[in-house]
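Numbering of residues begins at 1 and proceeds along the displayed sequence. Counting starts at 1 for both ligands and their atoms, following the listed order.
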Amino acid sequence: MIAIVLFGKPGAGKGTQAQFLKEKYNLTHISTGDVFRFNLKNDTELGKQAKVFIDKGELVPDEITINMLANEVANNMDKAGFLFDGFPRTIKQAEALEELLQEKNIKFVATIGIDADDEVLVSRILERGKTSGRSDDQDENKIRNRYIEYNEKTAPLIKYYEEKSKYTAVDGIGAIEEVTERLSKVIDTLI
Ligand code: AMP
């Protein structure tokens, strides 16, 4: 089995691209944001724990997130591998992921970044917020806070993966199909 991480700022198009790539490469798509939202909606214990952080546009603590991800992986060992979207978001999560993949004998292919400019992304998210029903997409302060979290805690992962020769980025601006094509090209050279 293989694992690919889709990396990028909020609104970069990770979820959209994952929908195409998971079919193409027969991967289980795990979006930690989606799993949290599912739990929020169903008012589970995990949902209650995560809500306070998500509502403020802050990252959910590592321990909660890592446990949740490990469960998702363990319950979905039936495809050719995994496409992670929105995980890891901290160095601690990246270390936990490495350990987990090793344990499960899953080959870590790469982290692929989808690059885009902040201002383009903020307006994209506000637009998405009109229909997504996500409260964290509707309030510009919450959105800005998600970018602060990204810059402080998530951006250092680029260097972390570059040092391991596991980071590649593609230009995320353009038509959805064009970006899918760029990502596929990268994946095809790596698997
Ligand atoms: P997303 O849908 O990926 O934008 O995630 C929405 C929210 O869920 C984030 O703003 C965080 O509060 C939380 N979240 C999602 N993934 C993670 C993660 N890997 N670590 C911590 N919090 C996360």
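Atom NZ of K24 has more than 12 heavy atoms from other residues, nucleotides or ligands within 6.0 Å.
Distances below 4.0 Å separate heavy atoms of E58 from the following atoms of ligand 1: 11 (C), 12 (O). Residue-ligand proximity, T65 to ligand 1, at heavy-atom distances under 4.0 Å covers atoms 18 (C), 19 (N), 20 (N), 21 (C). Of all atoms in ligand 1, numbered sequentially from 1 with element shown, those under 4.0 Å from a heavy atom of G86 are 16 (N), 17 (C), 18 (C), 19 (N). Counting the atoms of ligand 1 from 1 in the order shown, those under 4.0 Å from a heavy atom of T32 are 15 (C), 16 (N), 17 (C), 19 (N). Against a heavy-atom cut-off of under 4.0 Å, I54 is close to the following atoms of ligand 1: 8 (O), 12 (O), 13 (C). Of all atoms in ligand 1, numbered sequentially from 1 with element shown, those under 4.0 Å from a heavy atom of Q93 are 18 (C), 19 (N), 20 (N), 21 (C).
Looking only at side-chain heavy atoms (C-beta outward), Y25 and I187 come within less than 4.5 Å of each other. Residues Y160 and E95 have side chains in contact (heavy-atom distance under 4.5 Å, counting atoms from C-beta outward).
Not a single heavy atom of E149 sits under 4.0 Å from any atom of ligand 1. Proximity of R37 to ligand 1 is established by a heavy-atom distance of less than 4.0 Å.
Counting all heavy atoms, side chain and backbone alike, A74 lies closest to K104 at CB-NZ, 4.0 Å. Between F7 and P88, the shortest heavy-atom contact is CE1-O, 4.3 Å.
For the pair D118 and R144, the salt-bridge criterion is not met [side-chain N within less than 4.0 Å of a carboxylate O]. The pair K185-D188 fails the salt-bridge criterion, with no side-chain N (NZ, NE, NH1 or NH2) lying under 4.0 Å from an Asp/Glu carboxylate O. Ion pairing between K142 and D136 fails under the 4.0 Å rule for side-chain N and carboxylate O.
Every N/O-N/O distance between P10 and ligand 1 stays at or above 3.5 Å.
No donor-acceptor contact under 3.5 angstrom links the side chains of Q17 and K14, judged on distance only.
Here the shortest heavy-atom distance to atom 4 (O) of ligand 1, taken over R134, K142, K14, M68, belongs to R134.
For atom 23 (C) of ligand 1, the nearest non-hydrogen atom of the protein is F36 CE1, 3.7 Å. The protein atom (non-hydrogen) at minimum distance from atom 3 (O) of ligand 1 is R89 NH1, 3.0 Å. The nearest protein atom to atom 22 (N) of ligand 1, hydrogens excluded, is given as V60 N, 3.0 Å; this is a heavy-atom distance.
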